[in-house]
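A, B, ... follow the sequence lines: proteins, then strands. Residue 1 opens every chain.
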There are 2 protein chains.
Amino acid sequence: MPASAKRSRLVAAAKALIHRHGYYATTLADIAHAAKVPLGNVYYYFKTKADIAEAAIGDYRRWFTDMLTQLDELPHPEQRIAGFLDIPLVHLTQYASNGCPIGSLCQEFGKSEGALLRRIAAILSDQVMWIAEQFRLLNHADPQADALDFIARLQGSILLAQSLGKKNILAAAIQRLRRDVLK
Amino acid sequence: MPASAKRSRLVAAAKALIHRHGYYATTLADIAHAAKVPLGNVYYYFKTKADIAEAAIGDYRRWFTDMLTQLDELPHPEQRIAGFLDIPLVHLTQYASNGCPIGSLCQEFGKSEGALLRRIAAILSDQVMWIAEQFRLLNHADPQADALDFIARLQGSILLAQSLGKKNILAAAIQRLRRDVLK
DNA sequence: GTCTATACGGCGATAGAC
DNA sequence: GTCTATCGCCGTATAGAC
């Protein structure tokens, strides 16, 4: 039932605008306009603004779940991790100017919206567990701690690149992560 | 001239509330109430809400500058870095539940407020340069890159601890940073 | 310098015709 | 299902008395 063209356009617009301007700064009018849907009609598909965010988060989660499942097809853990690092590399410019769509929402929702925080943070949690699994296969002494450090380095580097306005920082950090893991 | 009791109270209230709830979610009425200053009177001290944020950022910058200057008195770079890591350790609970006051403002301002972003990001930049100087003294091959990685790990760990609701993540990350640097 | 009252705009959400 | 008009609230900012 969620497969309506308008609904999809609304969610897509919400994801793009929220990534660029943040959740609070994005208005329903902005989303409706970008999706070419009249403002009042938005409420036929979503009861509240938070519901749109939830749909956007669901989209992100499905996307990452699919991506990690695809990467699981690769034969070696090193290849899988390299594939994982390709994600921020492909979106380098976007991540460096708008931040990680997951990480920045965690920041925003971490301040107030408890229910939405748990949903968006679950994606980060998925990533940590997936990386930990690869590290376990690579015989790390403490795969969980190493995975947390890995994701922290990635998220922190995105923040630094965005804050200092230098996407090179992110590119170099990805390179460094790849080297440290695959050495 | 900036040393008015009311003004100081307003800035202090702004810092605390913005750290807890973020800049956009914090209203001038909240700040005025917490500082026990009538709403209308706020505008005698600050022309706009952004001006209050600027004052808060100035406060943070002075605080960190003083702290780093104090740490410079310590004889060995290792001790200085250990002292630097004591900052998030002392504020562990607060950082784990509300994030880093600097990092989370960078996220928030990175989305829209360009002028304020540059000011708050300067603090991160200061930290990176200061850490890089210590690494240079410790004969690191690439002090700048190592410093960026160091701050990224710290910021990313704070984000993970806050998002996943486990302050242990931050405590462990600090321990790990200390061990990696001082070994 | 201080404080009350209020203007003004924008946003989330609703009513109700079609 | 779709869309226009609009309500009600809240947040920033101002006017102006004291």
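For the pair A:Lys47 and A:Asp30, nearest-nucleotide mapping onto DNA chain C gives the more 5' position to A:Asp30.
Closest to the side chain of B:Tyr43, from the set C:dT2, C:dG12, D:dT12, is D:dT12. Taking every side-chain heavy atom of A:Thr48 into account, C:dA13 is the closest of C:dA13, D:dT2, D:dT12. Minimum atom distance to the side chain of A:Lys6 is reached by D:dT2, of the listed C:dT2, C:dA13, D:dT2. Which of C:dG12, D:dA13, C:dT4 sits closest to the side chain of B:Pro38 comes down to C:dT4. Picking from C:dG12, D:dT2, D:dA13 the nucleotide with the shortest atom distance to the side chain of A:Lys49 gives C:dG12.
Within the 4.0 angstrom heavy-atom criterion, only backbone atoms of the sugar-phosphate kind lie near A:Tyr45; the bases stay farther away.
As a whole-Å value, the separation of B:His33 NE2 from D:dG11 P is 14 Å. Protein atom CG of A:Leu39 is 11 Å distant from nucleotide atom P of C:dA13, rounded to whole Å. If you measure from atom OH of B:Tyr23 to atom C1' of D:dT12, you get 10 Å, rounded to the nearest angstrom. We find that CG of A:Asn41 is positioned 14 Å from C1' of C:dA15, with the value rounded to whole Å. Atom C1' of nucleotide C:dT14 and atom CZ of A:Phe46 are separated by 18 Å, given to the nearest angstrom. Distance A:Leu10 CG to D:dC3 P: 11 Å, rounded to the nearest Å. For B:Leu28 and C:dC3, the CG to P distance is 16 Å, given to the nearest whole Å.
More than 12 heavy-atom neighbours from other residues, nucleotides or ligands sit within 6.0 angstrom of CD on B:Gln79.
Side-chain nitrogen and oxygen atoms of B:Tyr24 include none within less than 4.0 Å of the OP1 or OP2 phosphate oxygen of D:dG11. Residue B:Lys36 has no polar side-chain atom (N or O) positioned under 4.0 Å from OP1 or OP2 of C:dC3. For C:dG1, one of the phosphate oxygens OP1 or OP2 lies less than 4.0 angstrom from a side-chain nitrogen or oxygen of B:Tyr44.
The nearest pair of heavy atoms linking A:Leu170 to A:Ala96 is CD2-N, 4.4 Å.
The existence of a salt bridge linking A:Arg176 and B:Asp142 is excluded, since no basic side-chain nitrogen approaches an acidic carboxylate oxygen closer than 4.0 Å. Remark: B:Arg178 engages B:Asp86 in a salt bridge, criterion side-chain N to carboxylate O under 4.0 Å.
Formation of a donor-acceptor pair under 3.5 Å by the B:Arg153 side chain with backbone atoms of A:Arg153 is not found in this model.
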